[in-house]
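Encoded as structure tokens, the structure appears first; notes follow it.
Note on naming: letters A, B, ... go to the chains in the order of the sequence lines (proteins, then strands), and numbering restarts at 1 for each one. Everything quoted here is computed from the prediction, not taken from an experiment.
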Number of protein chains: 2
Amino acid sequence: MVIKHEKGSPSLYRRIADELKAEISAGTYAPGDALPSESELAQRYDASRGTIRQAFAALRTDGIISSRRGARRVVQGGPRLQDFAALHSFSHWGRAIGAKPSGRVVGLARREATGDERDRLNLPEGARIYHLTRVRLLDGRPVMIERTAYPDRIGALVAGMDLDRESITDRLEELGTTFADAEHTIDAVRATADDARLLGVRAGAPLLRERRRTTDPSGAALEWSEDRYLGDQVAFTVRNSADRNTLSRWHSAPGATTG
Amino acid sequence: MVIKHEKGSPSLYRRIADELKAEISAGTYAPGDALPSESELAQRYDASRGTIRQAFAALRTDGIISSRRGARRVVQGGPRLQDFAALHSFSHWGRAIGAKPSGRVVGLARREATGDERDRLNLPEGARIYHLTRVRLLDGRPVMIERTAYPDRIGALVAGMDLDRESITDRLEELGTTFADAEHTIDAVRATADDARLLGVRAGAPLLRERRRTTDPSGAALEWSEDRYLGDQVAFTVRNSADRNTLSRWHSAPGATTG
DNA sequence: GAGTGGTCTAGACCACTTT
DNA sequence: AAGTGGTCTAGACCACTCT
């Protein structure tokens with residue numbers, strides 16, 4: 001018996017995965033606890049074993065559970081992982097951690113893309129972009145400087161927004177833009193005089209720098225951003241395993257530009 | 001027809017995945033190129049479609065390819081990701097990037113674990129650990145300070161090694177220890193006087209701090225390490241997507257320990 | 001409309017952990 | 001010995017992209 005999906009409804013394995021995640025969040029299964037077996041869940045959800053395995057695979061990829069042949073799956077400890085939206089959008093993230101996120105526009109300009117920007121956004125010579133600089137705050141205190149380049153098509157939409165009030169990410173999603181993949185490069189830099197003034201720290205303070213390239217489902221670049229966080233305010237957490245690794249370590253030869 | 005595995009040989013889908021990765025590395029499929037369809041590969045490898053999908057899933061999890069319904073899978077650009085061993089072991093990593101890795105032991109001691117160390121390694125009150133501090137170098141230049149706590153059982157093995165010469169990771173693997181999962185927390189800190197002396201920079205220089213907890217397949221903690229990299233020498237790269245997210249952003253309230 | 005990936009089923013055998 | 005997850009097969013229907 002195959003049950004058809006209602007239009008727009010998530011697949012069965014996604015619903016099962018979401019339900020398991022919710023039960024783990026709620027503490028029904030605590031870190032270290034064993035989860036129900038595949039066959040047990042197959043019965044409970046009237047699904048095949050393959051579908052249950054697909055649901056578990058989603059949790060495994062997110063690092064929420066571990067799994068070994070012969071033993072039941074076990075809930076992993078550690079900090080809860082955030083969903084893609086909370087990670088991608090400062091506004092979402094701020095609200096998720098219970099703070100009041102805001103922004104202050106420092107500059108917005110349409111200009112010709114630099115060579116680096118053309119590379120990152122995959123644009124032809126002479127292409128124009130929008131470049132936005134904002135200070136982002138939590139509960140009124142500066143936490144991060146955001147310097148983002150948008151391709152012309154996206155930037156035109158952004159330029160029309162109320163940037164002090166709206167979430168760019170949310171508005172772009174409403175306007176039909178889908179953020180699918182992102183690549184983040186993280187290192188540490190010294191605050192420049194400019195950084196220091198905007199963040200209210202002394203020049204030379206250690207900042208956590210995140211350079212991010214985000215693409216849509218077809219692989220087209222949607223933004224290229226360099227964000228600088230106060231080093232003592234923000235950290236990033238990554239999980240990986242022998243099976244699955246999305247993390248790399250990179251070395252910059254002294255004197256070379258850092259990618 | 002079911003073909004049995006030879007003992008110790010990797011599964012079919014792993015071999016297919018490895019072969020595809022090799023072809024991508026070799027440039028047979030360049031970033032932006034479409035890959036063969038599932039049915040085509042099923043024929044080529046005399047495998048079922050499910051097995052081919054399993055191989056593709058491995059590449060997808062590593063962020064090497066993207067995939068959308070209706071269109072063929074596409075090779076993703078960006079830096080090549082390193083395998084778990086290269087990420088986990090400084091020695092492996094150094095050799096992989098063509099440099100000569102080395103280490104200099106600053107201190108090794110067996111002592112009672114602090115509260116923080118007990119939490120991270122999941123040890124009872126009063127448990128003892130081994131604590132190792134090393135400076136790690138590439139081509140003779142200091143790049144990182146490593147401060148690692150090992151549970152007694154592991155530390156006893158480490159203490160017997162030639163720490164200036166051997167790779168701890170390699171030796172522990174040879175001795176039957178399997179590193180399965182790791183959780184990394186990354187932020188930026190100011191170099192202490194001690195850090196500065198060991199790394200040959202001025203105090204206050206920005207350092208990239210990686211705190212790492214590594215576990216074996218059963219979830220038991222194998223090490224808890226705090227590594228500090230020169231900010232202009234090393235960066236970390238992470239890939240994620242709406243489907244699959246192993247990255248989180250964390251906020252530390254001012255004054256709180258960045259635990 | 002043809003091709004492709006996404007979801008789901010039902011069943012099989014095996015390696016490993018647990019009791 | 002029983003239970004559990006890992007691998008693999010063969011087939012089905014569907015949503016979507018491409019030309």
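- Comparing A:Tyr13 and B:Glu40 against DNA chain C, the residue whose closest nucleotide sits nearer the 5' end is B:Glu40.
- Nearer the 5' end of DNA chain C, as judged by each residue's closest nucleotide, is the contact made by B:Arg72, out of B:Arg72 and A:Ala47.
- Scanning for side-chain contact (heavy atoms from CB on, under 4.5 Å) contacts around B:Ser218 gives A:Arg68, B:Asp216, B:Ala220, with sequence neighbours left out.
- Atom CZ of B:Arg110 has more than 12 neighbouring heavy atoms from other residues, nucleotides or ligands inside a 6.0 Å radius.
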Contacts under 3.5 Å, N or O only, protein and nucleotides 17-19 of chain D:
none

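- For CD of B:Glu23, the number of neighbouring non-hydrogen atoms (other residues, nucleotides, ligands) closer than 6.0 Å is greater than 12.
- Distances shown here put a side-chain N or O of A:Ser67 below 4.0 Å from the OP1 or OP2 atom of D:dG6.
- Figure legend: A:Arg213 and A:Trp224 shown without cation-pi pairing, the cationic atom not lying both under 6.0 angstrom from the six-membered ring centre and within 45 degrees of its axis.
- Between A:Ser39 and D:dG3 there is no side-chain polar atom (N or O) within less than 4.0 angstrom of OP1 or OP2.
- Below 30°, between 30° and 60°, or above 60°: for B:Phe179 and B:His88 the angle between ring planes is between 30° and 60°, a tilted geometry.
- Counting any heavy atom pair closer than 4.0 Å across all strands shown, B:Arg14 reaches sugar-phosphate atoms only and no base atom.
- In this structure, CG of B:Leu12 is placed 18 Å from P of C:dC13, rounded to the nearest angstrom.
- For A:Arg53, whose side chain is taken as the heavy atoms from C-beta onward, the closest listed nucleotide among C:dT4, D:dG5, C:dT7 is D:dG5.
- A:Arg73 comes within contact range of the sugar-phosphate backbone alone, with a heavy-atom separation under 4.0 Å but no base atom that close.
- Heavy atoms of A:Phe56 sit nowhere under 4.0 angstrom from any nucleic acid atom.
- If you check C:dT4, D:dA12, C:dC8 against the side chain of B:Arg49, the one that comes closest is D:dA12.
- Here A:Ser11 reaches the OP1 or OP2 of C:dT7: one of its side-chain N or O atoms lies under 4.0 Å away.
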